[in-house]
Chemist: 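My questions all concern the structure below.
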Amino acid sequence: MNGSSCILCGMTRAFVKISNFNFREALALNKGSITLYAFMLLTITFFFIYLIIKQLIQTKKINKL
């Protein structure tokens, strides 16, 4: 549109590079890729921890009844 690239351009290729531990190439593709990748990993990790804790709480409630 105005000659500049979008904020997420190259992000898919950068995520593939990060998954293969090529951090320099990932940064060359998109400067924010490592930050977004780390944020997504943390979010997924905390979500699974939440699910596990929720399941443990529900299991204990059922066992008490």
Side-chain angles (χ1 to χ4, degrees):
M1 287 188 258
N2 60 2
S4 64
S5 62
C6 71
I7 209 166
L8 296 175
C9 285
M11 194 64 74
T12 302
R13 290 179 289 146
F15 274 25
V16 171
K17 297 293 184 184
I18 293 169
S19 296
N20 292 321
F21 302 103
N22 295 328
F23 300 110
R24 281 194 184 132
E25 291 180 32
L27 281 175
L29 290 168
N30 189 306
K31 300 284 185 211
S33 61
I34 293 176
T35 304
L36 185 59
Y37 192 91
F39 177 75
M40 290 175 67
L41 278 179
L42 284 172
T43 302
I44 291 167
T45 302
F46 286 128
F47 177 70
F48 281 115
I49 291 170
Y50 165 77
L51 289 179
I52 291 168
I53 291 171
K54 183 179 174 184
Q55 183 65 35
L56 289 172
I57 290 171
Q58 288 178 349
T59 303
K60 287 184 180 185
K61 284 183 181 177
I62 291 172
N63 288 339
K64 286 184 179 181
L65 296 176

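Sequential numbering from 1 along the given sequence is applied to the chain's residues.
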Chemist: In chain order, what residues pass the side-chain contact (heavy atoms from CB on, under 4.5 Å) check against Phe21, with sequence neighbours excluded?
Modeler: Phe23
Chemist: With rounding to the nearest 0.5 Å, note down the distance linking CE in Met11 to CD1 in Ile18.
Modeler: 8.0 Å
Chemist: Atom CZ of Phe15 and atom OG1 of Thr12: how far apart are they, to the nearest 0.5 Å?
Modeler: 8.0 Å
Chemist: Test of understanding: with side-chain contact (heavy atoms from CB on, under 4.5 Å), list the residues that count as partners of Phe48, not counting sequence neighbours.
Modeler: Ile44, Leu51
Chemist: Going by side-chain heavy atoms closer than 4.5 Å, which hydrophobic residues are tied to Ile52, directly or by a chain of links?
Modeler: Leu56
Chemist: Is there any salt bridge (Lys or Arg N to Asp or Glu O under 4.0 Å) pair reaching into residues 37-52, and which pairs are they, with sequence neighbours excluded?
Modeler: none
Chemist: Are Phe39 and Leu29 connected in a single hydrophobic cluster, I mean Ile/Leu/Val/Met/Phe/Trp/Tyr linked by side-chain heavy atoms less than 4.5 Å apart?
Modeler: no
Chemist: Considering only residues two or more places apart or on different chains, which pairs with a residue in residues 32-46 satisfy side-chain hydrogen bond (donor to acceptor under 3.5 Å, both in side chains)?
Modeler: Ser19-Tyr37
Chemist: Between Leu27 and Ile34, what is the shortest heavy-atom contact and its length?
Modeler: CG-CD1, 3.7 Å
Chemist: Output all residues satisfying side-chain contact (heavy atoms from CB on, under 4.5 Å) with Ile53, sequence neighbours left out; order by chain, then residue number.
Modeler: Ile49, Ile57
Chemist: Does Asn30 reach the main-chain N or O of Ile7 with its side chain, forming a donor-acceptor pair under 3.5 Å?
Modeler: yes
